[in-house]
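Working notes, beginning with the structure itself.
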Amino acid sequence: MVEHFAQGFWTPLVACAVSVLGSFLGLRYASRALSSSGRTRAAWTVLGGVSLGGAAVWSMHFIAMLGFRVPGTPIRYDPLMTAASAAVPVVVMTGALAVVIVRLWRRLVLLPVGGVLVALAMLAMHYMGMGSMRMDADMVHDPLFVAAAAMVALAASVGALWFVGKRWTLSATLVGAVLLGGAVTAMHYIAMAGVGVESVGQGSGASGGVPALGFLTPMVIGPGAFLVLGALLLLVLPDERPVTGEAAAAH
């Protein structure tokens with residue numbers, strides 16, 4: 001038997017909040033990229049990819065995993081695989097944003113293709129993160145829950161790219177961020193609902209790695225600092241030129 005809320009319900013709440021904030025900043029960064037050009041556009045795009053792929057997806061996952069416990073065995077994480085799981089969504093999301101921003105007039109073609117790629121990256125991140133776990137047990141995943149999580153990931157990915165280029169007010173962007181952050185969080189817990197463990201207490205799988213609570217500082221303090229600094233950056237640096245999505249597409 002596994003526990004998903006061993007630290008209380010603050011873990012899903014904090015994880016979802018980080019995902020929503022990461023989504024909000026990511027969408028604002030993408031909007032800035034649309035109204036910029038050259039290196040400035042590239043910088044905003046990278047920030048958008050880091051915010052969406054890093055804070056909204058990767059950090060959300062590992063904050064939520066602080067509440068995961070398997071009675072009878074300690075859980076540790078492989079640092080290298082954990083780091084690799086961060087690179088996948090950040091790189092893919094940055095690339096998807098770059099293509100959609102530059103080729104905004106091809107949205108109908110790019111949205112499904114980019115959505116599938118980003119969804120695969122989200123799933124790869126999730127299961128790489130799960131694969132980085134070291135414990136004295138064998139982990140199994142129910143295919144039905146994997147498929148359900150994949151569908152939610154696809155919806156979240158297409159939604160994230162669809163929001164790019166839209167002329168939203170701050171309140172509308174916040175609504176979109178809540179939807180995206182909620183979808184990412186739902187994907188995580190749907191996938192986790194299909195997790196089972198066998199042969200608990202056998203073998204030496206928990207040796208090496210970093211304890212789960214060892215992620216508390218980098219998973220909360222790090223993303224928190226990034227989100228705060230990102231918000232300040234948006235306030236300090238104005239748009240280069242106010243344009244609509246159509247104008248940006250013609251640029």
Side-chain angles (χ1 to χ4, degrees), residues 18-60 83 86-119 121-122 125 156-181 184 218 221-251:
V18 168
S19 188
V20 169
L21 288 173
S23 297
F24 179 81
L25 287 180
L27 294 177
R28 299 306 294 178
Y29 290 144
S31 177
R32 290 297 181 89
L34 278 169
S35 61
S36 305
S37 59
R39 293 182 178 178
T40 304
R41 168 177 283 186
W44 285 122
T45 302
V46 171
L47 282 173
V50 172
S51 188
L52 289 169
V57 177
W58 185 73
S59 292
M60 177 272 143
V88 172
V90 169
V91 171
V92 175
M93 181 61 79
T94 300
L97 286 179
V99 173
V100 170
I101 288 171
V102 173
R103 303 296 182 185
L104 198 59
W105 56 279
R106 292 181 177 175
R107 290 174 64 83
L108 292 179
V109 174
L110 294 174
L111 278 177
V113 175
V116 169
L117 292 177
V118 173
M122 290 173 60
M125 183 286 306
S157 301
V158 173
L161 297 180
W162 181 80
F163 275 108
V164 175
K166 295 295 181 180
R167 188 179 183 182
W168 298 114
T169 61
L170 286 175
S171 58
T173 303
L174 180 59
V175 172
V178 169
L179 294 175
L180 293 176
V184 172
I221 303 301
F226 172 80
L227 294 173
V228 170
L229 292 175
L232 292 175
L233 194 64
L234 286 172
L235 291 173
V236 172
L237 299 178
D239 286 327
E240 287 189 356
R241 50 187 174 82
V243 296
T244 63
E246 290 78 8
H251 178 70

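Here the CZ atom belonging to R32 is positioned 13.0 Å from the OG1 atom belonging to T45, to the nearest 0.5 angstrom. Annotation: the span from R28 atom CZ to L174 atom CG amounts to 10.5 Å, rounded to 0.5 Å.
The minimum heavy-atom distance between I101 and A33, with the atom names listed, is CD1-CB, 3.6 Å. Minimum heavy-atom separation, G49 to M93: CA-CG, 4.0 Å. Closest heavy-atom contact between P89 and A121: CA-CB, 4.3 Å. Between L161 and V118, the shortest heavy-atom distance links the atoms CD1-CG2, 4.4 Å. Taking all atoms of both residues into account, the shortest heavy-atom contact from W44 to S36 is CD1-OG, 3.5 Å. Closest heavy-atom contact between G22 and S51: O-OG, 2.7 Å.
Residues forming a ring-ring contact (aromatic ring centres under 6.0 Å, His included) with F24 (at least two apart in sequence, or on another chain): none.
Under a 3.5 Å cut-off, the side chain of S157 and the backbone N or O of V116 do not form any donor-acceptor pair. Side-chain atoms of S31 never come within 3.5 Å of backbone atoms of L27 as a donor-acceptor pair (strictly under, hydrogens ignored).
For the pair V90/W58, no side-chain contact is recorded, criterion being any heavy-atom separation below 4.5 Å from C-beta on. Under the 4.5 Å side-chain criterion, counting only non-hydrogen atoms from C-beta, V99 is not in contact with V113.
In summary, of the residues considered (V184, L47, L97), a side-chain contact (heavy atoms from CB on, under 4.5 Å) with L52 occurs for L97 alone.
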